[in-house]
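Written out below as structure tokens is the structure these notes cover.
Heavy atoms only: backbone and side chains are in, while hydrogens, waters and symmetry mates are out.
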Amino acid sequence: MRIVIIGAGHLGYIIAEFLSNEQYDVVVVDSDESKLDAIRDALDVLTIPADGTSPSFMRDEDMKGTDIVVAVTAIDEVNIIACILAKKNGIPHTIARIRDPKFLAEPPSYIRENFDIDLLLSPELITAREINRILMTPSALNVEDFAEGKVRLMETKLGPRSPLLHIPLKDLRLPQSVLIAMIFRDHRMIIPHGNDVLLPLDNVYFLGNPETVAELPQNVGAANYQHRIRRALIIGAGRTGQILAPMLEEQGISVKVIDNDRDHCRLVASRLKKGIVLYGDGTDIDLLKQEGVEDADIVICITSDERLNMMMALLAKHLGARQTIVRVVRTEYVALMQQVGVDIVLATRLLAAGEVLSFVRSGSIERVSLLEGACVQAVEVIVQEGSPLDGRRLMDVDLPKGCLIGTYVRDGKAFIPDGRSALHAGDRAIVIVEADQASDVLSFFKGGD
């Protein structure tokens, strides 16, 4: 499959990286040769210096045989034009990065029919939804829903007094509808087995029934457990803040927003019913104290400056905030921020790249979530007829060691499999897999030729 990415910025780079690692034929196009040089030096992809909105370029030999165009420049209109031209020139599928609220407000069907865009990609909207989902499950570090909400994956950090510590997993008494799908310890992934034990400050991923999973943090002794989020302080009223603030207010959360851009403040204020919007500097200690940062259940730092976000989050924790969330662009900052004390770090580009990966793999693949800096994937995949798994017990299938089939959904009901379980064509399975083994593992779900 050939995929052409128009736009070689941060988002274009990370999408190209993931797709090339999956062995797709990737072409990156940009009129800025310095950006292409950075990609050419780091990735095994073809780069072309060109204007992606040029009709002549879309007719170029390099575009023949293209299956998907991914337009992710910083300008919405450029991305829209590129997708329209791609479809006019016979390219079957298009993805466009869109940031302007006037476009995001339209239903996907309108965008698809009028702009020839199959997948609308808004990193800001994706990030806001992810934050909202996490905050609805207190003490969760990450929350992912699969199979139309029938299965939930939740990450939480275990405290030093957790009742789950130092007990072989085979002896743990967890609800029957939940299992431990993955342990992340000292920057390495552990697919759990019966004799493994949990240690203090492990990041543990629970998978299973959404209602049961949501109640786990209190019962398993999650670090810094707190009840429902009631007060949120958002620092940053850009595109993500403008989406997130009213979203949280609708959930009954008391919202305060701080930003040093008057226009951004006015936009957020116009979308809130009760929330307070303050024009000011998020690093101003006196302002933070005056606005009760020590009473905030969560401080969310989502300005465009990721290093400033980290500083403000650490400052908020020092002043008494219970929990912090930071938005970053560069994925390499994720581990660093977690090490220095930021509670939750969301890499906007990773979230968007997961959406693209899901679309590119579409067919048997329903959803892809990138976990732990993208070194792990949680994949919702449909078992195809005639696949190596169809009708066979899992113990009889030689799956790679770096994966776990955590749950499967059949006839609208979720099940946790064991070695004697057999998957059948049409089942939806939730698979946890190391990223470098994803292609090999997912091949077991594909039907025969």
statement: Closest non-hydrogen contact found for A181 with I191 is O-CD1, 4.2 Å

message: Quick check against the 3.5 Å criterion: does D41 have a side-chain atom that pairs as donor or acceptor with the backbone of A38?
response: no

- request: Compare all side-chain heavy atoms of I134 with those of L141 and state whether any distance is below 4.5 angstrom.
  value: no

task: Please report the shortest heavy-atom distance between A74 and R99, naming the atom on each side.
output: O-NH1, 4.0 Å

- prompt: Are there more than 12 heavy atoms of other residues, nucleotides or ligands under 6.0 Å from atom CZ of R185?
  reply: yes

- request: Give the minimum heavy-atom separation between I183 and L169, together with the two atoms involved.
  value: CD1-CD1, 4.5 Å

statement: Interatomic distance, OG@S139 vs CE@M154, rounded to 0.5 Å, equals 8.5 Å

- prompt: Is it true that D297 and R230 make a salt bridge, defined as a side-chain N closer than 4.0 Å to a carboxylate O?
  reply: no

message: Check this for me: I75, atom CD1, are more than 12 non-hydrogen atoms of other residues, nucleotides or ligands nearer than 6.0 Å?
response: no

query: Closest heavy-atom contact between R97 and T73?
result: CD-O, 3.5 Å

- prompt: Hey, is the main chain of A128 close enough, under 3.5 Å, to the side chain of N132 for a donor-acceptor pair?
  reply: no

- prompt: If you round to the nearest 0.5 Å, how far is CG of L153 from CZ of F206?
  reply: 10.5 Å

message: Any non-hydrogen side-chain atom of R133 less than 4.5 Å from a side-chain atom of E130?
response: yes

- line: Separation between CD (Q251) and CD1 (I229), nearest 0.5 Å, reads 12.0 Å

query: For the atom pair OG (S177) and CG (L207), what is the distance rounded to the nearest 0.5 Å?
result: 10.5 Å

task: Kindly compute the distance separating CG (L198) from CG (N203), expressed to the nearest 0.5 Å.
output: 11.5 Å

message: Filter on salt bridge (Lys or Arg N to Asp or Glu O under 4.0 Å), then keep only pairs touching residues 407-422, sequence neighbours left out; what's left?
response: R410-D427, D418-R420

query: Do any N or O atoms from the side chain of D202 and from the backbone of L199 form a donor-acceptor pair under 3.5 angstrom?
result: yes

- request: Answer whether the closest heavy-atom distance between the side chains of I302 and I131 falls below 4.5 Å.
  value: yes

Full working for side chain to side chain contact (heavy atoms under 4.5 Å, CB included) between V70 and V360: CA-CA 10 Å; V70 184; V360 170; 5.7 Å; no

Minimal non-hydrogen separation, I416 against V178, with atom names: CD1-N, 3.3 Å

field: Beyond-backbone contact of T283 with I235, side-chain heavy atoms, under 4.5 angstrom
entry: no

- request: Look at D343 together with K317 and state whether they make a salt bridge at an N to O cut-off of under 4.0 Å.
  value: yes

message: I'd like to know whether E22 forms a side chain to side chain contact (heavy atoms under 4.5 Å, CB included) with L357, so could you lay out the CA-CA distance, the side-chain angles of the two residues, the decisive distance to 0.1 Å, and finally the verdict.
response: CA-CA 9 Å; E22 298 266 331; L357 202 52; 4.1 Å; yes

- request: Check for a donor-acceptor pair, side chain of S122 on one end and backbone N or O of L125 on the other, with a separation under 3.5 Å.
  value: yes

query: Are V72 and V356 close enough that some pair of their side-chain heavy atoms sits under 4.5 Å apart?
result: no

message: With a 3.5 Å distance limit and no angle check, can you tell me whether N309 reaches the backbone of T303 through a side-chain donor-acceptor pair?
response: yes

query: Are E372 and E155 close enough that some pair of their side-chain heavy atoms sits under 4.5 Å apart?
result: yes

query: Per the salt bridge (Lys or Arg N to Asp or Glu O under 4.0 Å) rule, which among R129, R367, R152 passes with D145?
result: R152

- prompt: So does Q176 have more than 12 non-hydrogen atoms from other groups sitting under 6.0 Å from CD?
  reply: no

- prompt: For S421 and L423, what are the C-alpha separation, side-chain angles and deciding distance, and is it a side chain to side chain contact (heavy atoms under 4.5 Å, CB included)?
  reply: CA-CA 7 Å; S421 301; L423 302 184; 5.7 Å; no

- request: Report yes or no: is the cationic atom of R428 (NZ for Lys, CZ for Arg) closer than 6.0 Å to the six-membered ring centre of F146, at no more than 45° off its axis?
  value: no

- request: Classify the angle between the aromatic ring planes of F415 and Y408 as parallel (below 30°), tilted (30 to 60°) or perpendicular (above 60°).
  value: parallel

message: With a 6.0 Å cut-off (strictly less than), is the heavy-atom count around CG of D44, excluding the residue itself, greater than 12?
response: no

message: Please enumerate all residues that pass salt bridge (Lys or Arg N to Asp or Glu O under 4.0 Å) together with R112, with sequence neighbours excluded.
response: none

query: Should we say atom NE2 of H318 is surrounded by more than 12 heavy atoms from elsewhere, each under 6.0 Å from it?
result: no

message: Please report the interatomic distance CG(L351) to CG(L121), rounded to the nearest 0.5 Å.
response: 10.5 Å

field: Side-chain donor/acceptor of S358 to backbone N/O of V368, under 3.5 Å
entry: yes

field: Pairwise side-chain contact, L248 with I234, heavy-atom cut-off 4.5 Å (strictly under)
entry: yes

field: Any donor-acceptor N/O pair, D390 side chain to E385 backbone, under 3.5 Å
entry: no

message: I'd like to check the side-chain contact (heavy atoms from CB on, under 4.5 Å) partners of D25; sequence neighbours left out, ordered by chain and number.
response: R2

message: Could you check whether any side-chain heavy atom of F18 comes within less than 4.5 Å of a side-chain heavy atom of L370, counting everything from C-beta outward?
response: yes

task: Answer yes or no: are there more than 12 heavy-atom neighbours, outside E106 itself, under 6.0 Å from its atom CD?
output: yes

- prompt: Is the backbone N or O of V433 less than 3.5 Å from a side-chain atom of Q377, with the two atoms forming a donor-acceptor pair by type?
  reply: no

Smallest separation among heavy atoms of V397 and P388, with atom names: CG2-O, 4.0 Å

message: Can a donor-acceptor pair be found, under 3.5 Å and without considering hydrogens, that links the side chain of S162 to the backbone of V220?
response: yes

I126 vs T348, side chain to side chain contact (heavy atoms under 4.5 Å, CB included): CA-CA, chis, key distance, verdict: CA-CA 8 Å; I126 296 168; T348 301; over 6 Å; no

task: Kindly say whether G320 contributes a backbone atom to a donor-acceptor pair with the side chain of E294 at under 3.5 angstrom?
output: no

